[in-house]
Structures are given as structure tokens and as C-alpha cells.
Novice: 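My questions all concern the structure below.
Both backbone and side-chain heavy atoms feed into the values below; hydrogens, waters and symmetry mates do not. No experiment lies behind these values; they were computed from the predicted model shown. Reminder, nothing fancy here: chain letters follow the sequence lines and each chain counts from 1.
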Amino acid sequence: MSPIAVGALKVFAAIGLMLGNGVVLIYMLRKVLGRLHLRHGPMEMGPAGMFQTLMDVVKLLTKEDITPRAVDKWLFRLAPLMVFVPSLMAYAALPYSDSWRITSLDSGLLYTFAVLSLVPIGILMAGWASANKWSLLGGMRAAAQQIAYEVPLLLSVLPIVMLVGSANLGTIVEAQQGTFLAVLPRWFIMNPLFWPTFVLYVIASLVESNQTPFDMSEGESEIVAGFATEYSAMKFGLLFLSEFSNGFIVSALGVALFFGGWSLPWIPASWYAAAPIIGPAIFIIKTYIGIFFMMWIRGTFPRVRIDQMMQLGWMRLIPISLAWIVFSGIVIKVWS
Amino acid sequence: MSETVSGVVFLAFAFATIGGAVMMLATRNVVHAAFWLLEVMLATAGLYLLLSAEFLALVQVLVYAGSVAVLVLFTIMLTLRRREDAIRPYEPGWAAAILATLFGAAVLFAVERFASQLPPGTMPASVPDLALFGQTLFTAWAVPFEIASLVLLVALVGAVWWSGGDGS
């Protein structure tokens, strides 16, 4: 096949993963949050409400697409795409297995962060274009949040890059093969040096992907739905699809960085060769376990206030992550 | 990539860069102008990518598109008191015209005069990877790198001092 056809097929595969992930995550969110709130969640459509999400997709697709009169028409139409496309691009560097990946970028980690940093621009665009105070507030919060937390997010994972000596996500996963004492997997989360790294990564990535304790840009208790207030039908659908997809991406990155990616040390290497589907399956399952924890956090913690969050970012996380880079640099140098 | 494909992609990115810059100047709406600036930055990152400068392209996206453009947008949106203020009247002035002409003439002169004296650029046979780039930056270019980071540190401290804490 020509390289262009292969590229197009890979893009379609990423879109498929993104759409499927959206449908699964909405159902999972309702069920998990329902369980945390001691209720059932959707029950009517299909067994245990399984088809509820499909019904919602049909509803979104067939709803009237309203464009309010006062909006900035071009930016209003462009904004959902500006949110959707970077989110889709972020799938390109994820290592689903040693052979299943869209591209193997040398700077895969940096690439993922770079494209994810474009998402809040789309949110800001949506907020401005909507000509609505709540929307603008939501957009401004998204931008402020992103400027504050992009720095600690990037800095927090640098110790791993320093240890592995590569920013290629596949190489980072390969550095976590094997076991300690034949039982414990040799994942970076088992290394005490990376425990603060992990905490920093979890906080900063929850903020960057707009997950609930930090979703000030749409906090419905204060600003209705923030940047999404004026959006309806599939434009709204695209905005939310990207949000679920960003959750998937930060969880997948966390799996690749800290939890050994596609590998499980107890499975012999010959199995991977026999059934190449095992690697991606393990990767996806681990990612969904990560998402489950994100939903748990979402169902447990109240939303923080915007000024508290800015203070946490600028005054705490950035100095801590800088100090931790210096410390782990010394430790890695002394060890090796 | 074949010559034709990269040629077409180059034309698209070049058109996006120059067209975006023209649109940024031509639009009356300052918010639109900021978004056009963002588009120019992204298209420039595409041009870097075509030159196999992967790292430079990513940093361009991360720093210029991801942060500088957001900062510009943020400033514009915070300083606009009313939404209608975003649309500025078209105010041609002699001073601006003369300044623009002089600048254009200076650039043209510089290109005419000095471009031929530059050593011809050659593309390396293989693209250096990220690790090699880091090594070069921290060995051969360590002093300029440190000076640049010192300048940025001074700017950072200055910004903190200027914005003022409770003590000042």
C-alpha cells in the first residue's frame, strides 16, 4: 500500500478508538459515579442500561444545531474542531504495544504534551465566540489553568526521561520490563524515586485534561457549563468527546510512564509473539483502570476554587517539580 | 516522501503562513488577529517539520502556539472592556506608512546585500535525534544556553517583582 493510504488508515483507526472510547467512557462514568453515589445509574436501555449511550449519540446527532445570533460565527464553528483535532493528534505517539503504534516518535512524550497544549486554545476560542459571560469565564479559566499547569506537567515527567535517556514512549515502556525478586514488576511506580513524580503527574494531568476536581472551565455550579454553554447537538458532542478522549490520553500516558505500558511481567514473552493482540489489550485495560481511578477522584473530591488552584500551581507544584528534577538528577548520576 | 508530495505540502504551509500573516494585519477584530497569529505559528511549525526539525517544530507548538498565543489572547480579552471594542476602526496614517516602507526597504536591502555572502546550507545525511541534540546543546553550546536561561530567570524574577506581592 502507498504510504499515504497507510497514513489515512492509521488516522481512521485513531478516530475509531476515540469515538469508541467516548461511548464506553460515558457509560462507565455514569455507572461508576452511580455506584459511588449509592445509586444504579442508567438501567432502562438494554441489559444494565448498556445501550443508553448509543441512544444519547443518536440524540446528539439528530438534535437541532442552534447557532445563537450574537456569536462570532466563524470562531463558533471552528472552536469544536480546535478542541477535537489536537485531542485526536495525541493518539499518534501512544505505544499500544511494541509493534502496534501509529508512529514511533523519538520525542513522543514532548509531542503528546505539545498537541495537548493546543486543546485549551480551542476552549478559549469557544468561550470567546459564544458571546456569553459564562462561556468567556470558562474559556479564560481554561487558558489560565493551562498556562499554570503545563510547566509542572512537563517538568514532573523529566526524571523518567533522565533515567531512560529517551523521550520515546516505546523506549520508556521497554525500560520497565522484567521483575524485582521474580514477583514485583519492574515498573517505574515501584521505584521510590518516582513516587513524587507520580503524584505531581497525577495532579498536573488531571488539571490539563480538565477532569472534575479541577474542571473550573465548566464548573456547572457557578458558570452553567462554561465554554460549552451555547453549544448544542454535535458541536457539543465534539467538545465532550474531546474531553473524554483527553482523559484517556493522560491515563494512557500515565500507564506508559509508570505502569509498564503493554507489558505484564507474569506473561511469558512467547505469548506476545503468538497473539499480538495481548499487548494492546493489556495496555487498554490498564488505561481503563487508570480512568476508573480518575472517576473515583471525580466522585469523591469537591471542586477546588480557581484561586486556590492557581496558587497550588504557581507557588507549590512548579518549585517542587524543579527541586525534584535536581534531586533525581543527582541520584541518577550517583547510581549509574 | 516524494518530491511532489513534499512540494505540495510545502506550498500549503507556505500559503498558510503568509496568508495568515496578511489576514492578521487585514482583520479589524483584534481577537481574530490573535487567532490568525496562532495559525501563522502553527503553519511555521509545519514548515520546520518539513525540514525534519522535529524538536524545533514541537517547541514551536508548545511555546509559541501553546503559551505565547494563549498569553496574547488572554491579554486582549482581559483588556477589552466591552465586546464591541474588539473591532477597531481602520486608521491609516502617514507615519505608519513611512515606517512600514522604511522597514520593508531595510529588509530588502539586507537580503539583497548579505544573502549571497551566507555559506550555502547543506542538509545532514541523517537527522540528529533528540538525545544528540541535547548532548550538543549541553556541551558545545553550554555557555550560550546558560546565558539564555539566566536572561529568562532575570525576566521571571522581574515579572514577579513587578506584579508585586503583599510586601511591596
Novice: Taking atom CZ as the centre, does A:Phe12 end up with more than 12 heavy-atom neighbours from other residues, nucleotides or ligands that are less than 6.0 angstrom away?
Specialist: no
Novice: Please step through side chain to side chain contact (heavy atoms under 4.5 Å, CB included) for the pair A:Leu78 and B:Phe35, ending with a clear verdict.
Specialist: CA-CA 11 Å; A:Leu78 194 61; B:Phe35 279 119; over 6 Å; no
Novice: For B:Val61 versus A:Ala114, what's the shortest heavy-atom pair and its separation?
Specialist: CG1-O, 3.7 Å
Novice: Hey, what do you get for CZ (B:Phe55) to CG (A:Leu110), rounding to the nearest 0.5 Å?
Specialist: 6.0 Å
Novice: Measure A:Met82 against the heavy atoms of chain B and call it side chain, backbone, both or neither at under 4.5 Å.
Specialist: side chain
Novice: Looking at every heavy atom in both A:Leu75 and B:His32, which two are closest together, and how far apart are they?
Specialist: CD1-CD2, 3.6 Å
Novice: Would you indicate whether the side-chain heavy atoms of A:Trp128 and B:Leu73 approach each other to under 4.5 Å?
Specialist: no
Novice: A quick test of your reading: do over 12 heavy atoms of other residues, nucleotides or ligands sit less than 6.0 Å from CD1 of A:Ile4?
Specialist: no
Novice: If I take atom CG from residue B:Leu58 and atom OG1 from residue A:Thr112, how far apart are they, to the nearest 0.5 angstrom?
Specialist: 9.0 Å
Novice: Which atoms of A:Leu136 come close to chain B, meaning under 4.5 Å heavy atom to heavy atom: side chain ones, backbone ones, both, or neither?
Specialist: side chain
Novice: Would you mind telling me which of A:Ser166, A:Ala167, A:Gly165, A:Ala131 has the largest number of heavy-atom pairs within less than 4.5 Å of chain B?
Specialist: A:Ala131
Novice: Might you confirm whether atom CD of A:Gln308 has over 12 heavy atoms from other residues, nucleotides or ligands at distances under 6.0 Å?
Specialist: yes
Novice: Please classify the contact of A:Leu154 with chain B as side chain, backbone, both or neither, using a heavy-atom distance under 4.5 Å.
Specialist: side chain
